[in-house]
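What follows is a short report on a single structure.
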Amino acid sequence: MKEETSMTTTDLKERLKGVYVLALTPMKEDFSFHAAALKRNIDHYIASGAHGIIVGGTYAEYPSLTTAERKELFSAAAEAVAGRVPLLCCTAASGTYEAIELGKAAKAAGADGVMVTPPYVSEVRAGDILHHFELLNEAGELPILIYNSASIGVHLSPEEIAVLAKLDNVAGVKQGAVDLHALVRTVAYAGGDISVMCGSDGLILGALASGLPGCTSTNANFMAREFVALYDEFRRGENDRALERYYRWQPIRELARKYGQPAMAKAAMELVGLPSGPVRAPFRTLGEEAKADIARTLRQVGIIQ
């Protein structure tokens, strides 16, 4: 366990590019955290060319993890990554001081940054969100990746992100908007201060073409090499190949809508030989019929034989 990180906010901003895997949290059959499985999966992501790892996000089931489990996850992830790529830990919490506490744990574990949502308490207002991030910024535990996701009920506008981008310890934003124009506006308003990462698998190619440096992905848990290949093809100017690959994935994107995340991605991980285990309530682990449907689609797309 490292006592501190050497990566500055500027360092992390420059390295927030490429494909960052939003690593799911593997569980044993009794629903306890499976640290050995996480290490195996992280080794696979890095061997597949992933440029960074993020643990403990929404689809990684952090709302169903205790604070102690989240800290255990951070430590296990840092040990597994071992400095090979940047590691960010999601320390999102509706209470500011809980987020700060989790940030301290991430720093002690050896993470390079934290990913944080706005607070999602009832009637939170723009000034409250700014205050939340100001306190995190002042705590200065680790560089911050803002986690902007409409799914939690509080969604930041590009203009609001631009204000937060002025804080010293903010390195970037995971912009989870599903409107490409919102991503473009975020880069226009905040891209000079922070790295704007695409947070939606479905927009990755349009985002790269619009100048965003990379993306975060849940589906990369079971198809990391595909995401890295698309990123590399785009960077080499092989646009026809990138377009073919991107549109070939559409059936997988439909699966995510049909069965929901993280249940779909965890089922797909098992099909490609990566341990994931069940999902915790309120999510429900998929049954055999759904798994067979996912297997057929993965074969159709060429992810499995």
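Note: hydrogens, waters and symmetry copies are ignored here, and every other heavy atom, side chains too, is used.
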Which residues pass the salt bridge (Lys or Arg N to Asp or Glu O under 4.0 Å) test with [X], not counting sequence neighbours?
X    : result
E226 : R245, R248
K13  : none
E98  : none
E14  : none

The complete set of ring pair (Phe, Tyr, Trp, His ring centres under 6.0 Å) pairs with one or both residues in residues 124-151, sequence neighbours excluded, reads none
Least distance between heavy atoms, [X] atom then [Y] atom:
X    : Y    : answer
V279 : P262 : CG1-CG, 3.9 Å
D112 : L12  : O-CD2, 4.0 Å
F222 : I303 : O-CG2, 3.9 Å
A265 : L24  : CB-CD1, 3.6 Å

Using modelled atom types only, decide if a donor and an acceptor are shared between the side chain of [X] and the backbone of [Y] within a distance under 3.5 Å.
X    : Y    : result
R299 : Q305 : yes
D11  : T8   : yes
R84  : V81  : yes
N169 : L142 : no

Measuring from atom [atom1] of [X] to atom [atom2] of [Y], what distance do you get when rounded to the nearest 0.5 angstrom?
X    : Y    : atom1 : atom2 : answer
T9   : I194 : OG1   : CD1   : 11.5 Å
L145 : I54  : CG    : CD1   : 5.5 Å
E61  : L73  : CD    : CG    : 11.0 Å
L180 : C198 : CG    : SG    : 8.0 Å
K174 : S195 : NZ    : OG    : 13.5 Å
I100 : T91  : CD1   : OG1   : 9.5 Å

Qualifying residues under side-chain contact (heavy atoms from CB on, under 4.5 Å), relative to [X], sequence neighbours excluded:
X    : value
K39  : D43, A80
V163 : L130
Y247 : L243
A177 : H155, Q175, A182, L183

Mind checking whether [X] and [Y] have side chains closer than 4.5 Å, heavy atoms only?
X    : Y    : result
P118 : L156 : yes
E254 : T297 : no
E101 : K104 : no
P278 : E29  : yes
T25  : F33  : yes
V184 : T186 : no
R257 : M264 : no
S157 : E160 : yes

Ring pair (Phe, Tyr, Trp, His ring centres under 6.0 Å) against F227, all qualifying residues, sequence neighbours excluded: W249
For H51, give me all partners under ring pair (Phe, Tyr, Trp, His ring centres under 6.0 Å), at least two apart in sequence or on another chain.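 Applying ring pair (Phe, Tyr, Trp, His ring centres under 6.0 Å) to H51 gives Y231.
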What residue pairs, at least two apart or across chains, pass side chain to side chain donor-acceptor pair (under 3.5 Å) with a residue in residues 205-217?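 As it turns out, the side chain to side chain donor-acceptor pair (under 3.5 Å) pairs with a partner in residues 205-217, which skip direct neighbours, are D201-S217.
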Using the rule that Ile, Leu, Val, Met, Phe, Trp and Tyr join whenever any side-chain heavy atoms are under 4.5 Å apart, tell me whether L271 and Y59 fall into a single cluster.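 As far as the 4.5 Å side-chain criterion goes, Y59 and L271 are connected within one cluster.
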Do L22 and Y20 share a hydrophobic cluster, counting only Ile, Leu, Val, Met, Phe, Trp and Tyr and linking them when any side-chain heavy atoms are less than 4.5 Å apart? yes
Assess whether side-chain hydrogen bond (donor to acceptor under 3.5 Å, both in side chains) is satisfied between Y45 and N221, documenting all intermediate values. CA-CA 7 Å; Y45 305 145; N221 277 274; 2.7 Å; yes
Geometric cation-pi criterion, R253 with Y246: 6.0 Å, 45°: yes
Please lay out, stage by stage, how D232 and R235 fare under the test salt bridge (Lys or Arg N to Asp or Glu O under 4.0 Å). CA-CA 5 Å; D232 288 343; R235 297 284 293 177; over 6 Å; no
Stepwise side-chain hydrogen bond (donor to acceptor under 3.5 Å, both in side chains) check, S276 with E270: CA-CA 6 Å; S276 64; E270 294 286 351; 3.2 Å; yes
